[in-house]
Structures are given as C-alpha cells and as structure tokens.
There are 2 protein chains.
Amino acid sequence: MAVYRKIASQLRDEIMTQYSTGDLLPPESRLADRFSVNRHTVRRAIDELVQDGLVRRYQGLGCKIVQTPIDYALHDRAAFSHNLNQIGLGLETEIVRCEQVVLPAALAGQLDLALGVRVHELRTRRLVEGDPVCLIRHYLFGLPDAALDAFSGGSLHQFLRDEWSISLRRGTTRLRARMPTLDECTQLSISRGIPVMEVHTHNYCRDTGVLREYSIARSRSDLFEYSVEPKP
Amino acid sequence: MAVYRKIASQLRDEIMTQYSTGDLLPPESRLADRFSVNRHTVRRAIDELVQDGLVRRYQGLGCKIVQTPIDYALHDRAAFSHNLNQIGLGLETEIVRCEQVVLPAALAGQLDLALGVRVHELRTRRLVEGDPVCLIRHYLFGLPDAALDAFSGGSLHQFLRDEWSISLRRGTTRLRARMPTLDECTQLSISRGIPVMEVHTHNYCRDTGVLREYSIARSRSDLFEYSVEPKP
DNA sequence: GAGTGGTCTAGACCACAGG
DNA sequence: CTGTGGTCTAGACCACTCG
C-alpha cells in the first residue's frame with residue numbers, strides 16, 4: 001500500500017479519536033517530519049482526508065477538522081445521478097420567488113463567506129402531474145443583477161450555461177431527512193407525518209473552481225427517492 | 001489562475017469537441033511537452049478531469065475518455081465517495097445475527113433472482129459512543145457456508161477482500177426516507193417521530209460483475225447524514 | 001522491452017493569515 | 001514578519017499493459 005495511503009489512514013484514526021471539530025491539524029511540515037516523508041507525500045495524504053470531507057484546507061492557516069455528526073462519506077467511487085439535474089425534463093417548475101437578498105448569516109458561516117454578501121435567491125417548486133414534490137432554494141453568487149430575469153423554468157444550470165456561459169460542476173452534496181415544518185406541509189401538500197428529505201448541494205464554476213451556487217432542496221419522501229448510479 | 005487549471009480547462013474543451021468516448025488522451029509526457037510544463041503539472045490538470053468524471057486513468061495504458069458531451073448535458077455525473085470502511089474505524093459494529101436463509105421472495109423478485117436461493121444474511125448495528133445509529137442487513141450471494149464465521153466487525157468489504165479475495169464494486173444505490181417501524185424504534189433507540197433513512201445498495205464482484213451483495217441500511221435521521229463527494 | 005501511469009523525494013517560490 | 005498552505009519544477013524508481 002502506498003505510503004500516503006497509510007498516512008491518510010493513520011490521520012483518519014487520530015482525527016476520529018483525538019480531535020474535535022474546528023481543531024487544526026499539525027502543519028504539513030511537522031507531519032512530514034513526524035512520518036519521515038516529504039511534504040508532498042503528506043499533502044497527498046491530506047488530499048484524501050479533504051476528499052472524504054474530514055478536513056478543510058485554509059491557505060495561510062492550516063487544515064481544520066470539519067467533521068459533521070457522523071459523516072457517512074462513501075469510500076467506493078461511483079457516479080451520482082441526481083434527480084435534481086433531470087428535473088427540467090420530466091417535471092414542471094414553478095418559480096416561487098426570485099430576488100436579490102443578503103445571504104443568511106447561518107449560510108454565510110457554513111459556506112465560509114463574508115457576512116452581508118448580496119446574492120440571488122431563487123425559490124422554485126417542482127410538480128409532477130400537478131402534485132408538488134419538491135421545494136428548492138438556490139443561492140447564486142456573483143451574478144449580474146438582471147441575470148435571472150429571463151429564467152422561466154426548466155433547468156437552471158442549462159439556463160446559466162446557455163445565457164451566461166457559466167458552467168457549473170457539482171461539489172459536495174449532503175442528504176438528510178427530517179419532519180416537515182408547517183409551511184412545508186402546506187407547500188408540498190403533505191400531512192405532518194410525512195418526512196422530507198433535505199439535500200444541500202455545492203456547485204462550483206467549472207473553470208475557476210469558485211463556489212457559484214448553493215442549493216437546498218426539500219422533497220416529499222413519499223414520492224421522491226434519490227439514486228446513485230455506478231460510473232460506466 | 002493556476003497553470004494546471006488552465007490546462008485542465010483546455011483539455012476539457014478538446015475532449016468535448018475532438019474526442020469520443022473510449023478514446024485515449026495523449027500520454028502525460030507528451031502533454032507536458034506540448035504545454036511546456038512539468039509532467040506533474042499535467043497530472044494535476046488531469047486530476048481535475050478525473051474528478052469531473054470526464055476521464056479515467058488506467059495504469060500502463062493511458063487516460064480514457066468516459067463521457068461524451070451528450071452524456072454530460074443529460075445528466076451531470078458526480079461521484080459518490082462512501083466509506084463503509086471508515087465506519088469500521090470510528091463506529092462500533094455489533095453483529096446482531098449471521099445465518100444462512102432463503103432469500104425473501106420480495107427481494108428475489110426485485111433482484112431478478114430465483115426463488116428459494118440460499119444466501120448469507122448478516123445483520124449488524126452501528127453505534128456511536130454507545131448510541132445505535134444504523135441497522136444494516138447484508139445479503140451475500142454465493143459464499144462458502146463458513147465464509148462469515150470469522151467476521152467479527154469492522155468493514156465487511158475489507159473482510160471479504162482479505163479473507164476471501166472478493167473485491168466488491170458499488171452498483172446502484174437508492175436513498176429514501178420514511179417513518180420507523182416499532183421494531184426500528186427499539187433497535188435504534190428513537191421515538192416514533194424520528195424518520196429513518198433507508199439506503200439500498202447493490203455490490204458486484206469487481207472481476208466478474210456478478211451481484212454478490214445487496215444491503216439495506218436504515219439509519220437515524222437525527223444523527224445521520226449522507227454525503228456525496230464529487231469524484232470519479 | 002518500450003511505454004504508460006503511480007509514487008516519492010527535493011527544492012523553490014508564491015499567496016495568504018496572523019501577530 | 002513568520003508560518004501556513006498552493007503551485008511548479010526536476011528527477012528517480014516502481015507497477016502495469018502491450019506487443
């Protein structure tokens with residue numbers, strides 16, 4: 001087994017057992033000394049941890065442990081075919097609201113963005129044969145003011161690619177389930193006893209790697225299912 | 001912008017316009033010459049493409065294009081990075097039951113298998129600091145009778161690889177949410193108001209492509225979250 | 001054997017955060 | 001300013017695929 005894999009594995013163990021969320025990993029140079037390898041080899045090991053979502057790099061600062069409660073990051077590589085992408089095809093899209101807002105503080109903190117940033121907030125509702133199945137909030141960063149004026153439904157990513165030459169690449173996606181709020185019950189036409197699935201997605205500019213969109217989708221669990229397809 | 005990003009961007013364009021699925025990219029050394037950079041820089045660029053799922057590396061062979069522009073437009077593919085392995089590290093695994101049974105008829109139909117097939121059924125429970133968070137049923141096909149006798153927790157896939165030289169590859173995975181049964185409430189120590197997430201996974205023999213495992217995981221939605229990382 | 005990707009080392013300089 | 005991560009170069013050797 002490659003050296004960097006062994007180091008990654010050991011660091012994973014130590015993070016799980018000896019670190020808390022927010023702690024900084026020792027600097028790469030120190031780790032390199034400790035494991036008696038080149039700094040590049042340590043970097044390669046940390047790459048693994050970053051990919052698993054265990055740590056996050058901060059230039060000039062260090063590597064911060066970001067562990068969520070239990071991050072069920074999957075080790076095998078497969079492709080994720082996400083219904084949200086195909087939604088423009090089979091589902092109707094209803095634009096609920098589209099405006100520029102100040103990014104909610106909670107999101108700003110989570111995404112590591114400055115407070116007070118103005119963003120486009122697009123809220124949509126997806127329907128299947130008239131039944132609402134999914135509510136989505138898109139937060140879009142760094143767009144011209146009028147960027148979304150012409151958007152009238154369908155695939156948002158397609159629209160951004162065609163109209164603004166912005167090509168987005170999916171980043172980390174998180175899925176969880178919870179009970180709906182009263183508001184969600186109304187908008188999704190469900191009773192209070194039906195759970196909703198909440199999916200958070202990062203989308204980055206394919207060229208520059210900058211975060212351009214963060215979306216939160218809430219869907220009816222009685223009608224909606226997510227599937228992950230293996231890569232060819 | 002970093003050199004490797006520019007190169008990645010250019011290669012992406014060329015792949016989209018001038019290559020077909022299955023083609024090989026020029027070797028790293030040639031690309032390095034062409035872009036007048038070090039081979040490592042080209043590698044870093046190709047890393048991006050691999051991460052986007054555009055190409056796949058084959059040691060001794062080259063980099064194969066695995067996605068045409070058409071595929072790409074239809075469904076953006078991101079990867080699913082999963083660590084059942086890591087769960088063996090940070091979480092305790094409790095073996096609830098391990099026996100040979102006749103595959104339940106409902107599953108046989110769904111998986112397109114004959115009725116009456118005998119399989120290994122392994123039931124496990126995962127705990128975090130003593131709290132149960134996840135119940136898993138593994139159905140394993142075509143194993144010797146005593147195959148699992150020595151399994152005592154940790155990663156099942158690791159065990160199969162080490163002890164039986166069976167290397168598994170993730171296939172289709174489906175995720176949904178629902179309310180728990182009474183039995184699940186008991187085993188997961190949750191109240192009836194907490195949804196569970198249910199994840200069904202196909203796993204195939206990496207060599208022969210034969211279905212070897214079907215697993216059903218049910219997890220507490222108040223403690224558990226699934227994450228999907230972009231990756232080949 | 002020749003050519004490919006995979007890993008590791010060594011050294012250099014840059015960009016950024018913090019005191 | 002110092003220390004951190006980010007990038008790039010250069011060279012070496014290995015593991016693998018193919019003819």
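By convention in this document, chain letters (A, B, ...) are assigned in the order of the sequence lines, proteins followed by strands, and residues within each chain are numbered from 1.
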**Fill in**
In short, salt bridge (Lys or Arg N to Asp or Glu O under 4.0 Å) pairs touching residues 96-108 of chain A with sequence neighbours left out are R97(A)-E99(A)

Given atom [atom1] of [X] and atom [atom2] of [N], what is their separation to the nearest angstrom?
| X | N | atom1 | atom2 | answer |
| --- | --- | --- | --- | --- |
| D47(A) | dG6(C) | CG | P | 15 Å |
| M1(B) | dA15(C) | CE | C1' | 16 Å |
| R44(B) | dG5(C) | CZ | C1' | 17 Å |
| I46(B) | dG6(C) | CD1 | C1' | 12 Å |
| E28(A) | dG6(D) | CD | P | 6 Å |
| R56(B) | dG6(C) | CZ | P | 12 Å |
| R30(A) | dG5(D) | CZ | P | 10 Å |
| L24(A) | dA17(C) | CG | C1' | 11 Å |

Show me, pair by pair, the donor-acceptor contacts under 3.5 angstrom made by side chains of residues 2-10 of chain B, not counting sequence neighbours?
from   : atom 1 : to     : atom 2 : distance (Å)
Y4(B)  : OH     : R44(B) : NH2    : 3.2
Q10(B) : NE2    : E14(B) : OE2    : 3.1

**Request:** Specify the closest pair of heavy atoms between Y139(A) and I216(A), including all atoms of both residues, with the distance to one decimal.
**Result:**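 Residues Y139(A) and I216(A), closest heavy atoms: CE1-CD1, 4.4 Å.
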
**Asked** For F151(A), what residues pass the ring-ring contact (aromatic ring centres under 6.0 Å, His included) criterion, not counting sequence neighbours?
**Response**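 Applying ring-ring contact (aromatic ring centres under 6.0 Å, His included) to F151(A) gives F159(A).
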
Taking distance alone, no hydrogens or angles, what donor-acceptor pairs closer than 3.5 Å link side-chain atoms of residues 141-148 of chain B to residues at least two apart or in another chain?
from    : atom 1 : to      : atom 2 : distance (Å)
D145(B) : OD1    : Q100(B) : NE2    : 3.4

**Prompt:** Nucleotide by nucleotide, 5' to 3', does protein get under 4.0 Å of the base (B), only the sugar-phosphate (S), or neither (-) in nucleotides 9-19 of chain D, counting heavy atoms?
**Reply:** BBBB--BBBS-

**Phosphate contact (dT7(D) OP1 or OP2) by Y4(B) side-chain N/O below 4.0 Å** = yes

**side-chain N/O R57(B) vs dG6(C) OP1/OP2, d < 4.0 Å** =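 Yes, such a contact exists.
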
**Message:** So does E121(A) get a backbone contact from the side chain of R137(A), meaning a donor-acceptor N/O pair under 3.5 Å?
**Reply:**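 No, R137(A) side chain to E121(A) backbone: no donor-acceptor pair under 3.5 Å.
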
**Along DNA chain C (nearest heavy atom to each residue), the more 5'-positioned of A2(A) and C63(B)** = C63(B)

**Set of side-chain hydrogen bond (donor to acceptor under 3.5 Å, both in side chains) partners for R30(B), sequence neighbours left out** = none

